[in-house]
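Scroll down for the structure; my scribbles are underneath it.
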Amino acid sequence: MKKPTLKALKNKLDKLFSDYIRQRGADENGTNNCVTCGALKHWKELQCGHWHSRRHLATRFDPMNSQVQCGRCNVLLRGNYTAYARFMYANYSAQQLDELEALSRTTIKMTRSDYEALIEKYSHV
C-alpha cells in the first residue's frame, strides 16, 4: 500500500487541528464564540484563525497561535487584526507572545513522522 504524500498528511492535519480549535471551549450544544467579534455560532460554522500566518509552519499547528473566528472576521476582515490583538494581549503574557513571535520566525521542515504524530494527537482530543 502506498504511503500518503507529505501534502496529504499536512491536509489531514489541517482538518483535524481546525476541528480541535473550533471545538475547544464550545458549550454542550457545540456553540462557540468568535474571539474577535464575539459572534456565537456552532463550531462547524466557525473557522480556525491564526495570529501568525499559516505560512509559518513552526506556529501553524500551535494551539496558542490558533483561535476560533467567524468567516467574516477571518476572511473578509483578514483576521480582524486589532480585535485579535486585543484578545491575545488579554489572554497571554507578553513573554508568551514574544516566544510565539520568535517561533513564527523559525524555519522548520516537518517530516512524515512529525505529521503522523500530530495527526495521532489531534485524532484523540
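Numbers here are sequence positions counted from 1.
The side-chain heavy atoms of Arg24 and Pro63, taken from C-beta on, include a pair separated by under 4.5 Å. Using a 4.5 Å heavy-atom cutoff, the side chains of Leu6 and Met110 are not in contact. Contact check for Met88 versus Leu97: side-chain heavy atoms found under the 4.5 Å cut-off. Side-chain contact between Arg105 and His52: absent, with no pair of heavy atoms (C-beta onward) separated by less than 4.5 Å. Asn32 places none of its side-chain heavy atoms less than 4.5 Å from the side chain of Arg22. In this structure the side chain of Val68 never reaches within 4.5 angstrom of the side chain of Cys34, judged on heavy atoms. Inter-residue side-chain proximity for Lys41 and Thr31 is flagged as unmet; no heavy-atom pair is nearer than 4.5 Å. Contact check for Trp51 versus Asp62: no side-chain heavy atoms found under the 4.5 Å cut-off.
Distance check: Asp98 CG to Leu103 CG gives 12.5 Å after rounding to the nearest 0.5 Å. Here CG of Leu46 is found 7.5 Å from SG of Cys70. Values are rounded to the nearest 0.5 Å. The distance from atom CG of Asn65 to atom CZ of Arg54, rounded to the nearest 0.5 Å, is 11.0 Å. The line from OH of Tyr115 to NZ of Lys7 is 11.5 Å long, rounded to the nearest 0.5 Å. If you take OG on Ser18 and CH2 on Trp43, they are separated by 8.0 Å, rounding to the nearest 0.5 Å.
Judged by distance alone, with hydrogens and angles left aside, the side-chain atoms of Asn74 form no donor-acceptor pair with the main-chain N or O of Gly79 at under 3.5 Å. Between the Gln96 side chain and the Ser93 main chain, a donor and an acceptor come within less than 3.5 Å of each other. The main-chain N or O of Thr111 is found under 3.5 Å from a side-chain atom of Asp114 such that the two form a donor-acceptor pair. Counting only distance, with no hydrogens or angles, the side chain of Arg112 and the backbone of Pro4 share a donor-acceptor pair below 3.5 Å. In this structure, the side chain of His42 engages the main chain of Lys44 through a donor-acceptor pair within 3.5 Å.
Hydrophobic clustering, with ILVMFWY side chains joined whenever heavy atoms are under 4.5 angstrom apart, groups Leu9 together with Tyr20. Under a hydrophobic-cluster definition in which Ile, Leu, Val, Met, Phe, Trp and Tyr are linked whenever side-chain heavy atoms come within less than 4.5 Å, directly or via other members, Leu13 and Ile21 are assigned to the same cluster. Connection of Phe87 to Leu77 is not established within any shared hydrophobic cluster, with ILVMFWY side chains joined at heavy-atom distances below 4.5 Å, either directly or through further cluster members. Under the 4.5 Å side-chain heavy-atom criterion for ILVMFWY residues, no single connected hydrophobic cluster contains both Tyr84 and Val75.
Using a 4.0 Å cut-off between charged nitrogen and carboxylate oxygen, Asp14 and Arg60 count as a salt-bridge pair.
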Handout entry: Evaluation steps, side chain to side chain contact (heavy atoms under 4.5 Å, CB included), between Lys121 and Ser123
Key = CA-CA 6 Å; Lys121 175 182 178 177; Ser123 293; over 6 Å; no
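Around the CZ atom of Arg72, the shell of radius 6.0 Å holds no more than 12 heavy atoms that belong to other residues, nucleotides or ligands.
Under the ring-ring contact (aromatic ring centres under 6.0 Å, His included) criterion, Tyr92 pairs with no residue, sequence neighbours left out. With sequence neighbours excluded, the residues satisfying side-chain hydrogen bond (donor to acceptor under 3.5 Å, both in side chains) with Gln69 are Thr36. For Phe17, the ring-ring contact (aromatic ring centres under 6.0 Å, His included) criterion is met by Phe61, Tyr122, not counting sequence neighbours.
Among all heavy-atom pairs drawn from Met64 and Gln67, the shortest one is O-NE2, 3.1 Å.
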